[in-house]
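Okay, so here's the structure we're looking at.
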2 protein chains.
Amino acid sequence: MKSEKISDAVVRRLPVYLRYLNELSRREVPTVSSQELGQKLDLNPAQIRKDLAYFGDFGRKGIGYDVSYLIEKIRQILNLDQQINVALVGAGNLGQALSNYNAYLRDNMKIVAIFDTSAEKIGTQINSITVQPIEELVETVRQNHVRIGIITVPNIEAQRVADQLVEAGIGAILNFAPTILKVPSDVRVHAADFTTDLMSLAYYLNAGKEVTVDES
Amino acid sequence: MKSEKISDAVVRRLPVYLRYLNELSRREVPTVSSQELGQKLDLNPAQIRKDLAYFGDFGRKGIGYDVSYLIEKIRQILNLDQQINVALVGAGNLGQALSNYNAYLRDNMKIVAIFDTSAEKIGTQINSITVQPIEELVETVRQNHVRIGIITVPNIEAQRVADQLVEAGIGAILNFAPTILKVPSDVRVHAADFTTDLMSLAYYLNAGKEVTVDES
DNA sequence: TAGATTGTTAATCGATTAACAATC
DNA sequence: TAGATTGTTAATCGATTAACAATC
């Protein structure tokens, strides 16, 4: 175990490991090797061992990793051994879809507040949470110890919402708007805009694929 | 302009450039420098110049890049000078939210087919597209020249859907399910699962707690 | 013990950044 | 011309992979 700074690439792989480990746990598989993990997750086994070794000696030589123990450790590393309160800003189509995903409850993340500007939406219930006006964001976020904000508002509003989340003391933002947010360096932002993703995918379609006739 | 193979990191930045260039175009700004782009997009100017230079000499020394011309060029590179047909598989909350995003229409991407397994959903209209049973996927995708598939089905079904999309000759997949899909190497897959993103964000919340110590 | 597999160091590979001649 | 900015090479930085002693 080293006290190096961990790269974001490493951090982003931890949830991927966790997810497959949970599946193994459900199937009551007791241990797993880096080789098996690598095969299943399309990663190099050495990379997996190195990733995990940044945080401790979790494996056993000749045996592999104890599934339950590794799950526990990764959850600790990701701060998912405690409940993480999340606020959702923007109760449009996408925001509503995300709030209905209770999948992350299992991972100890919980949406505890939803905000919107539209008079029609304010006061309605989404997943048993009352939509609040955005003016209440700073106070509510502070009071409820919200740590992560999800932004699903239109592009033009995104930066303003981010500013308010920062003011309220948020630690991280998941941004679905296609805007580069300007935030202090101690606030982490991940871009989650799927249209950017789609556009980059289009690049890979030029493999001479203008073929309409398929002989197979 | 070199005939090197372009890395995915470069390709993923192109839509980011394109988006800001579109904004400049709307504001009728005629030219932009790599420095200005870099500042706005939090990127190194040299990196931007290098990215663009992979594809051609688009800039003018002493002047910068002509906004309209660069937009046209990036759209060509990304194959967005032609309409890209997209199929959406999974008409749940998230799928419906994505289908309503008409934003990508502007980028020449169009959802032309939607599939689901649920009897309640089949036959209903989403954004004036009739939801079809998943059994019709292969044929419809082939007939409509669909190039990209978006997967928004539950985890357990994701691989099966991917297999069908591949069978139908799709070129790329945007996968919202938290599963590592196994596809032939000529099919590009981008993971778009936001819960993975959220979990990795949680890692960065330990700011209140222990401070990372370097030098040991 | 023999086979398996980790943790870790060293080697490799790839991506980012700095620097600058060319030139608008 | 003087200032600005590109395209590109070289330098740097960082991430991935290979290799292997340690050891279960």
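Here is how names work: the chains are called A, B, and so on, in the same order as the sequence lines, proteins then strands, and each is numbered from 1.
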[X] has an atom [atom1]; how far is it from atom [atom2] of [N], in whole Å?
X	N	atom1	atom2	result
Arg49(A)	dA4(C)	CZ	P	15 Å
Ile63(A)	dT23(D)	CD1	P	15 Å
Leu43(A)	dA15(D)	CG	P	15 Å
Gln35(A)	dT6(C)	CD	P	9 Å
Lys50(A)	dG14(D)	NZ	P	13 Å
Arg13(B)	dG14(C)	CZ	C1'	12 Å
Leu70(B)	dG7(D)	CG	C1'	14 Å
Phe55(A)	dT6(C)	CZ	P	17 Å

Please tell me which of the listed nucleotides, [options], lies nearest to the side chain of [X]?
X	options	result
Asp57(A)	dT8(C), dT6(D), dA18(C)	dT8(C)
Ser33(A)	dT6(C), dT17(C), dT8(C)	dT6(C)
Lys61(A)	dT16(C), dG7(D), dT5(C)	dT5(C)

Practice problem: Would you check, one step at a time, whether the test side chain to side chain donor-acceptor pair (under 3.5 Å) holds for Arg12(B) with Ser200(A)? | Solution: CA-CA 5 Å; Arg12(B) 281 174 178 272; Ser200(A) 67; 4.7 Å; no
Can you tell me if [atom1] on [X] sees more than 12 non-hydrogen neighbours from other groups inside 6.0 Å?
X	atom1	value
Gln159(B)	CD	yes
Gln39(B)	CD	no
Arg13(B)	CZ	yes

Self-check item: Candidate pair Arg19(B) and Thr195(A), rule side chain to side chain donor-acceptor pair (under 3.5 Å), full reasoning
Solution: CA-CA 10 Å; Arg19(B) 193 128 30 209; Thr195(A) 57; 3.0 Å; yes
Quiz item: OP1 or OP2 of dG14(D) sitting under 4.0 Å from any side-chain N/O of Ser7(A)?
Solution: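 Negative; the distance criterion is not met.
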Exercise. Indicate whether OP1 or OP2 belonging to dG7(D) is found under 4.0 Å from a side-chain N or O atom of Tyr65(B).
Key: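 It does, given that an N or O in the side chain of Tyr65(B) lies less than 4.0 Å from OP1 or OP2 of dG7(D).
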Quiz prompt | Residue whose nearest DNA chain D nucleotide is more 5′ - Gln47(A) or Phe58(B) | solution =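 Nearest nucleotide further toward 5': that of Phe58(B).
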Exercise. With a 3.5 angstrom cut-off on both distances, give the Watson-Crick or G-U wobble partner of dA18(D), or none if there isn't one.
Key: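 Base-paired to dT9(C).
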Exercise. Hunt down the Watson-Crick or G-U wobble partner of dC24(D), both distances under 3.5 Å, from any strand shown, or write none.
Key: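 The answer is dG3(C), by the H-bond criterion.
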